[in-house]
Amino acid sequence: MSPARFIKRYRSPAEVDTALAHYRWLLSLGADVGLPRLLEHTPWTLEFEHVSGRAAELGDLPAVASALGRLHHTARQRGLAQAMANSRYITSDVILDAFAGPRRRRLHELCAVQGAGAPLSHEAIGAWLDHAAMLPVALYKDANPRNVLVADYREPVLVDFDSLTLAPVGYDLAKLLVTTAMTGGDLPPRVVEETITAYAQELPDTLDHSRRTELTVWAEFHHLLTLPYLGHHGYRYPWPAVRPWPAGEVHDAAGTAERNL
Ligand SMILES: Nc1ncnc2c1ncn2[C@@H]1O[C@H](COP(=O)(O)OP(=O)(O)O)[C@@H](O)[C@H]1O
Ligand SMILES: [Mg+2]
């Protein structure tokens, strides 16, 4: 009997080609991370093995963070460590867009509608986007909890290969924390700690004492970028209502890059 399929349809063959290149490159890294088996592709579809399981939840965060950390560690060992987060990464197999360029305009647009008093100013956004060039680089594959399928007694499986860019280490961890909290509510501090530790353990050479500052700021980036989807995709809680650290820490962290540059 052939396995059940998850068929994803695309708006153009070019989108299929892009997602296919991302998937193949991730698979070729050989990281110890769950990925679905690709059964077939057509000009308009990718057809994966159907993975049983549910979207990641609070209790899965450490295991998911660990998988993301392992993926980055392997990718870095296989050449990604030489990339610069703010310059395109081009190999014979894949092209990964830079971190800052494609995000800059959208972040400033969203910042403009937030109004005064928001933790991230235009200056802080600009300074942190530029600062990313100096930070250890990783991949960014949308780390919302629906892009991770979890079943009992099995490692999490990462799905959705449509977008893949460069980003500083920790950027996807911030997305995972923000979107899980926006979906399910408060994140207990113990779980946050375990999640950060699980990720850091897989990336011992890249995360130092400043990681909390960076994580705090990237979380606010994701807050801005995800706020328009509040009320959709299961996002029920605005990040400021469930943020697991004080707003004062955010203001302090946001100013750090400006002071350092
Ligand atoms: N291989 C798969 N097996 C089972 N379910 C899947 C698979 N891939 C994706 N899904 C489910 O379908 C949802 C949508 O797929 P995804 O590729 O994330 O598309 P979208 O671009 O809409 O986010 C996922 O959140 C996940 O729940
Ligand atoms: Mg998805």
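Counting convention: from 1, in listed order, for ligands and their atoms alike. All heavy atoms count here, side chains included; hydrogens, waters and symmetry mates do not.
- Rounding to the nearest 0.5 Å gives a distance of 7.5 Å between CG of Leu96 and OG1 of Thr91.
- Of all the atoms in ligand 1, the ones that sit under 4.0 Å from a non-hydrogen atom of Asn147 are 18 (O).
- Ligand-side atoms of ligand 1 in range of Glu49: 1 (N), 2 (C), 3 (N), range being under 4.0 angstrom from any heavy atom.
- The closest protein non-hydrogen atom to atom 11 (C) of ligand 1 is Phe6 CE1, 3.8 Å.
- Taking every heavy atom of Arg146 and a limit of under 4.0 angstrom, the matching atoms of ligand 1 come to 24 (C), 25 (O), 26 (C), 27 (O).
- Each protein N, O or S atom less than 2.8 Å from the Mg ion (ligand 2) was counted, giving 2.
- Side-chain rings of Trp218 and Tyr171 approach one another, their centers coming within less than 6.0 Å.
- With hydrogens left out, the protein atom closest to atom 23 (O) of ligand 1 is Asp160 OD2, 3.0 Å, a heavy atom.
- When the options Asp162, Val16, Thr45, Val159 are evaluated for a side chain to side chain contact (heavy atoms under 4.5 Å, CB included) with Lys8, the one that passes is Asp162.
- The residues Glu155 and Arg70 are annotated as salt-bridged, a charged nitrogen and a carboxylate oxygen being separated by less than 4.0 angstrom.
- Listed by first and then second residue, the ring-ring contact (aromatic ring centres under 6.0 Å, His included) pairs that reach into residues 54-93 are His72-Tyr199, sequence neighbours excluded.
- Under a 4.0 Å criterion applied to the non-hydrogen atoms of Asp162, ligand 1 contributes the atoms 21 (O).
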For this session: Starting from the C-alpha separation in whole Å, work towards a yes-or-no answer on side chain to side chain contact (heavy atoms under 4.5 Å, CB included) for Val157 and Leu35.
Result: CA-CA 5 Å; Val157 177; Leu35 297 173; 5.6 Å; no

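- Taken to the nearest 0.5 Å, the CG atom of Leu225 stands 7.5 Å off from the CZ atom of Arg106.
- Atoms of ligand 1 found under 4.0 Å from any heavy atom of Phe48 (numbered from 1 in listed order, with element): 1 (N).
- Residue-level proximity to ligand 1 for Val157 is absent, since no heavy atom of it falls below 4.0 angstrom.
- Shortest contact from atom 5 (N) of ligand 1 to any protein heavy atom: Leu149 CD1, 3.5 Å.
- Ion pairing of Glu193 with Arg212 is present here, as a side-chain N (NZ or NE/NH1/NH2) and a carboxylate O approach within less than 4.0 Å.
- Of the candidates Leu46, Asp142, Val51, the one placing a heavy atom closest to atom 4 (C) of ligand 1 is Val51.
- Taking a cutoff of 4.0 Å between a charged side-chain nitrogen and a carboxylate oxygen, Glu220 and Arg243 qualify as a salt bridge.
- To the nearest 0.5 Å, atoms NE2 (His22) and NZ (Lys141) are separated by 11.0 Å.
- Within the 4.0 Å heavy-atom criterion, the part of Lys8 lying near ligand 1 is the side chain and not the backbone.
- Using a 4.0 Å cut-off between charged nitrogen and carboxylate oxygen, Arg104 and Asp130 count as a salt-bridge pair.
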